[in-house]
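Atoms within a ligand are numbered from 1 in the order they appear, just like the ligands themselves.
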Amino acid sequence: MEIEDLLKKFREYSTEDTTKLEYAWQFSKDAHTDQKRASGEVYFIHCVAVTEILVDFKMDLSTIAAGLLHDVLEDTTVSHDTFKKEFGPEIYELVMGVTKIETLKFSSRDEAQAENWRKMILATAKDIRVIIIKLADRLHNMRTLNFLSKEKQVEISQETLSLYAPLAQRLGIFHLKSELEDLSFKYLHPEEYTSLLAKVQIRFAMREKLLAEFKLGLEAHLGSTQIPHRVLSRAKNLYSIYRKMQKQNLPFEDIQDALGIRIITDTVINCYALLGTVHSIFKPVIGSFTDYIAVPKMNLYQSLHTSVMASSGEIIEIQIRTEEMHHTSEYGIAAHWRYKLGESGSDRHLDEKLNWLRQWIEWVQDLSSPREFIESFKTDLELDQIFIFTPKGEVKPLSAGANPLDFAYAIHSDIGDTCIGAKVNNKMVKLDHELKSGDICEIITRKNSVPKKDWLSIVKTTGARSHIRKYLREHGEPLD
Ligand code: MN
């Protein structure tokens, strides 16, 4: 992609002045000029590739510019002051967000820890656009992972599968989630990937005929009505098939996976017209029709769903929607970014953004434990949570203002009770030292040491306070 292509694509959906974008292009190109990627290509190609993904998302100008510049603060000699002066606070904050996430080094493979990490990434990002840039960055890195060592491939794929694919899913960007999963799957289980890919390709080839038959029938029945439409077959997500096989302990041949077709048209009226046409060609499966246009899902998803029987007896699942509905379903939160916040969000809109994000998250369905998830996010989005590491790399969420004593009790009440001191980032600190997100905190304990009454005035978390009170009560200390 050249700068002209970028500007052209951007202007297709935005009227924002592109001077800054052209400047960001040249600035990033110059800043990265001496760097090469593992592939041997010039580094700037990566910045452009990430930006291209963001333009496909139809993101606002600041996000696109930040995409071009996303590695400038981390990987080049450009100073923070220069960057801020050249591009202003909004783009600076976006790039800083991406850079900060880059410094979080995920190490644990424990699922509970992964959940904390995902929360930490969201809390660190503050602005959801940072996550979207980070996801675009990760997608391009995954697409070019073959140039790295085997060891790196596994490490990065593991991280992608544990952290970034679930984040993409939660933000409703399903095609991104699928691609991240399938790329990770390829590097983590290469043999299973290759064999499954071959089987899926054979199944799809067999279905080509069915798809062609379907399109022909549709064309014939639409005749001269000239309803604009395009027919897409639903993308396959190898990893989700693989997971289904594992979970149900079944071979590929026994995994039910109906042929999925999407018909995209221009207006709502034409959605219903196409539905009528489809039902007049193929026999609908009784009870399969659902109208998510008249009654959208809670995450604002809209489409008409129906299943029909092909002449071969195979079931075809059909979704009919407008281009706009299609964009929303493919791009999730990123699509809403554009529709809801046409003007690029400055900081005074922060509350509005967070409110809207909170709402969005409440809308997102299909989660294993939505209640718990929403609860955890509600606290997160207050932005009053910090994340503290043990020396072994485990992370604990704490409320802002917490100190090593709170942290000690968050690990285990015995650690709290016997705490005599703490190190933060390898330096001794007082017990009331205020912790900051990302600190590595080591608790020093002494056997038989006991809680002190004045700790009650030090601790900030209710968990720690109630443990101390409980101990003092049980040991006959008078509490006032
Ligand atoms: Mn990058």
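Take the N/O/S atoms of Asp137: the one nearest the Mn ion (ligand 1) is OD1. Within His46, the N, O or S atom at minimum distance from the Mn ion (ligand 1) carries the name NE2. No other N/O/S atom of Asp71 lies as close to the Mn ion (ligand 1) as OD2 does. The atom of His70 that is an N, O or S and sits closest to the Mn ion (ligand 1) is NE2.
With a 6.0 Å cutoff to the six-membered ring centre and a 45° limit on the axis angle, Arg37 does not count as a cation-pi contact of Phe44.
The distance between the ring centers of Phe83 and His80 does not fall below 6.0 angstrom.
Look at Glu155 and Lys152 and you find a salt bridge, because one of the NZ, NE, NH1 or NH2 atoms lies within 4.0 Å of a carboxylate O, short of that distance. Salt bridge absent: Glu16 and Arg11 never bring a charged side-chain N and a carboxylate O closer than 4.0 Å.
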